[in-house]
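Chain A is the first sequence line, chain B the second, and so forth, proteins listed ahead of strands; every chain is numbered from 1.
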Protein chains: 2
Amino acid sequence: MNIRRQIALLKNLPSAARQTQIRERFAARSGVSVSGLALEFDVSAMTIRRDLAVLEDQAHIQRTHGGAVLTQRMMLEFDYRGRRENNGAAKKAIAREARKLVQSGQRLILDTGTTTLELAVLLKDALNITVITPSLAVASELQHAPGVEVILLGGVIRRGSPDLTGPATEHCLELFAADLAFQGADGIGLDGAIYNSDLRLARVDKIMRRVATQSCLLADHSKIGQTALARNGTLADVDFFITNTAAPAACLKRFARLGPKIITVKS
Amino acid sequence: MNIRRQIALLKNLPSAARQTQIRERFAARSGVSVSGLALEFDVSAMTIRRDLAVLEDQAHIQRTHGGAVLTQRMMLEFDYRGRRENNGAAKKAIAREARKLVQSGQRLILDTGTTTLELAVLLKDALNITVITPSLAVASELQHAPGVEVILLGGVIRRGSPDLTGPATEHCLELFAADLAFQGADGIGLDGAIYNSDLRLARVDKIMRRVATQSCLLADHSKIGQTALARNGTLADVDFFITNTAAPAACLKRFARLGPKIITVKS
DNA sequence: GTGTAAATGTTATAATATGTTCGTTTAGCT
DNA sequence: AGCTAAACGAACATATTATAACATTTACAC
């Protein structure tokens, strides 16, 4: 077949056929460009963009500025930055304060969650600590830190979420003892109740506090006054509660009477 | 494809595609230079710097003056990729044969190793199976497969190796029962002894066979006649042994007398 | 033909990427 | 240490691309 015929075959195609052709392009190179495809198929750039949007839904491509690339997921990668963080700045500040509670030689438990993940980032340069966690994100963040031994709890990988839960996790957790547990929460009631949005996580959280000498709750102000599916305890069960100053002062005063030391960070 | 075409493919790429290409440069060399990449992709040095900054954010590389080097995490990734390609065809063929042993609804154990990782790739479209594994690579490969429930064993993350070992792993494994265990090996003695290069892995392998009704050993011919640090059992303990036809026939005949069903694949 | 829905093209505006300049920092050398 | 050339990063200007809303064309049933 001559080249002119080949080119002609690419024009006036129904959309589905064109999308199939676009998909073939990825076999040769790792990325395609919108402008290149528009020329090749003799359609407007807008049409190509719409095609790529369709392909993004069904195929394994990811749109970028100027084109699209194959989403070749790395091995050993547990996507955790998928979701956009809500109170990113507050969470980082809370994590910085939590970092100050950690001393060399300690055994820590780090719960699942974005705030505890921020803490994990700060723990990379710690010396001689052990981190026990059910979170694959925390584990992959710390697995190359020279001063940190990472113990991953066993269990079922929750679908769409890089962490472990289930009876195996609970059983595994019972094998350990730790100095300090850091936990997040999906909601904190005005009465000081701590809530998780997942029942299995709540059970794990409860056990964490039991096997740790002390525990520390990390939650930004947006969680206060929220409730969620499962209650895993109250602020009376924790030793430290770190939040940001945007939290209502009256609440914090009430919480303090329950027992925990309240630490607030500016944000 | 001629060289001129190859070069053309690197130009006028959307930014994300270029970043992917840059990342692949590290597979060959351990470092890249800004000026070299700028020439290669026909963009300004500033653009390359910005690309490198993006890759650094993704924790893929670490920037240096004049270029960038791989992070430990990515070195591990490429190391794994390289090992997969050693006898890659044989490993894939063996994995394909192993896949045929698996039926819907079964509970499987997948050991650490590159051959079992190839099997994991083939199991992505399985229906309603459960995979129990100490390998983070296997877990990460299967974590988004809709028909697969992944159970990760707990334990200590071995430094420089994405898998779990230790007493916790062994204890965790005891909690489960499986239909079929797939294992690799670092060496198989001419007498049928199975070897691991790590003592802790050997202990885990032994337990795997105990908690699984049947077990299947996957190893290409290059492993036969090799020995390694720790012996975890013999071929008499396994039910299936899948290898490739490049294995010496005399050996296989001897192995068959020990009990396992020997399956060979062309390669 | 005519009506209708889907696909495509067009335009204006916003977002993003790239190149250039220039003052600052760095690595390597004597 | 002090020097030099290279590399870096910030800020700006420019060019490219994305998005949404609307207009147009096409396809197809009746």
Side-chain angles (χ1 to χ4, degrees), chain A residues 6-26 28-72 79 81-86 88-89 92, chain B residues 7-26 29-71 74:
Chain A
Q6 265 185 358
I7 289 174
L9 281 180
L10 297 179
K11 300 192 176 179
N12 301 318
L13 283 174
S15 62
R18 188 180 53 242
Q19 284 160 20
T20 305
Q21 286 291 324
I22 292 174
R23 212 186 297 211
E24 310 260 326
R25 292 290 175 285
F26 284 100
R29 15 185 196 162
S30 59
V32 297
S33 75
V34 169
S35 54
L37 290 172
L39 253 152
E40 195 169 2
F41 292 101
D42 196 27
V43 293
S44 73
M46 192 65 228
T47 301
I48 296 294
R49 282 192 205 101
R50 282 190 267 241
D51 285 340
L52 291 178
V54 170
L55 287 174
E56 187 175 37
D57 280 342
Q58 42 180 255
H60 295 206
I61 71 167
Q62 193 180 347
R63 301 193 53 198
T64 65
H65 290 255
V69 291
L70 274 179
T71 54
Q72 34 194 339
D79 290 321
R81 309 244 161 122
R83 265 169 293 178
R84 196 167 295 167
E85 286 193 34
N86 269 359
K92 280 193 176 67
Chain B
I7 289 174
L9 283 181
L10 297 180
K11 298 193 177 179
N12 301 317
L13 283 175
S15 61
R18 190 180 50 244
Q19 285 157 20
T20 304
Q21 288 291 326
I22 291 175
R23 210 177 45 195
E24 291 307 315
R25 289 286 173 288
F26 286 97
R29 277 173 291 156
S30 61
V32 297
S33 76
V34 170
S35 53
L37 290 172
L39 240 119
E40 194 168 5
F41 291 102
D42 197 25
V43 293
S44 75
M46 192 63 221
T47 301
I48 296 294
R49 278 189 212 105
R50 283 190 267 240
D51 286 340
L52 294 179
V54 170
L55 289 172
E56 187 176 36
D57 272 345
Q58 296 167 358
H60 289 150
I61 62 170
Q62 193 172 345
R63 302 193 53 193
T64 63
H65 287 258
V69 293
L70 273 183
T71 56
M74 289 304 285

ask   = What nucleic acid atoms does A:S33 come within less than 4.0 Å of, heavy atoms only: base, sugar-phosphate, or nothing?
value = nothing

[atom1] of [X] to [atom2] of [Y]: how many Å apart, nearest 0.5 Å?
X: B:L52; Y: B:I22; atom1: CG; atom2: CD1; value: 5.5 Å
X: B:I61; Y: B:L70; atom1: CD1; atom2: CG; value: 8.5 Å
X: B:S35; Y: B:E40; atom1: OG; atom2: CD; value: 11.0 Å

Could you go through nucleotides 26-29 of chain C and list every protein N or O atom that sits under 3.5 Å from one of its N or O atoms, giving the distance for each pair?
from   : atom 1 : to    : atom 2 : distance (Å)
C:dT26 : O3'    : B:H65 : ND1    : 3.4
C:dT26 : O3'    : B:H65 : NE2    : 2.8

query = Under 3.5 Å, is there a donor-acceptor pair between the side chain of B:T71 and the main chain of B:H60?
reply = yes

query = Looking only at heavy atoms, what is the nearest atom pair of A:T64 and B:P14, with distance?
reply = OG1-CB, 3.9 Å

request  = Kindly give the heavy-atom pair with the smallest separation between B:A59 and B:M74, and that separation in Å.
outcome  = O-CG, 4.3 Å

task = Rounded off to whole Å, could you give me the CG-to-P distance for the A:D42 and C:dT8 pair?
result = 13 Å

query = Whole Å only: how far is the CZ atom of B:R63 from the P atom of C:dT25?
reply = 17 Å

task = Please check if any side-chain donor atom of B:Q58 sits under 3.5 Å from a side-chain acceptor atom of B:R23, or the reverse.
result = no

ask   = Within a radius of less than 6.0 Å around CZ of B:R29, do more than 12 heavy atoms belonging to other residues, nucleotides or ligands occur?
value = no

message = Using a 4.0 Å cut-off on heavy atoms, which residues in residues 46-54 of chain B reach DNA chain D? List them by number, or say none.
response = B:M46, B:R49

task = Identify, with sequence neighbours excluded, every residue that meets salt bridge (charged side-chain N to carboxylate O under 4.0 Å, His left out) alongside A:E56.
result = none

query = Taking the nucleotide of DNA chain D with the closest heavy atom to each, which residue, A:A45 or B:V34, is nearer the 5' end?
reply = B:V34

note = If each end axis of the helix from C:dG1-D:dC30 to C:dT30-D:dA1 is fitted on five C1' pair positions, the angle between them, to 10 degrees, is 50°

inquiry  = With side-chain hydrogen bond (donor to acceptor under 3.5 Å, both in side chains) as the rule and sequence neighbours excluded, what pairs involving residues 43-52 of chain B come up?
reply    = B:R18-B:D51, B:Q19-B:D51, B:S44-B:T47

request  = Walking along DNA chain D from 5' to 3', note the first and the last nucleotide with an atom under 4.0 Å from a heavy atom of chain B, and give both.
outcome  = D:dA7 to D:dA10

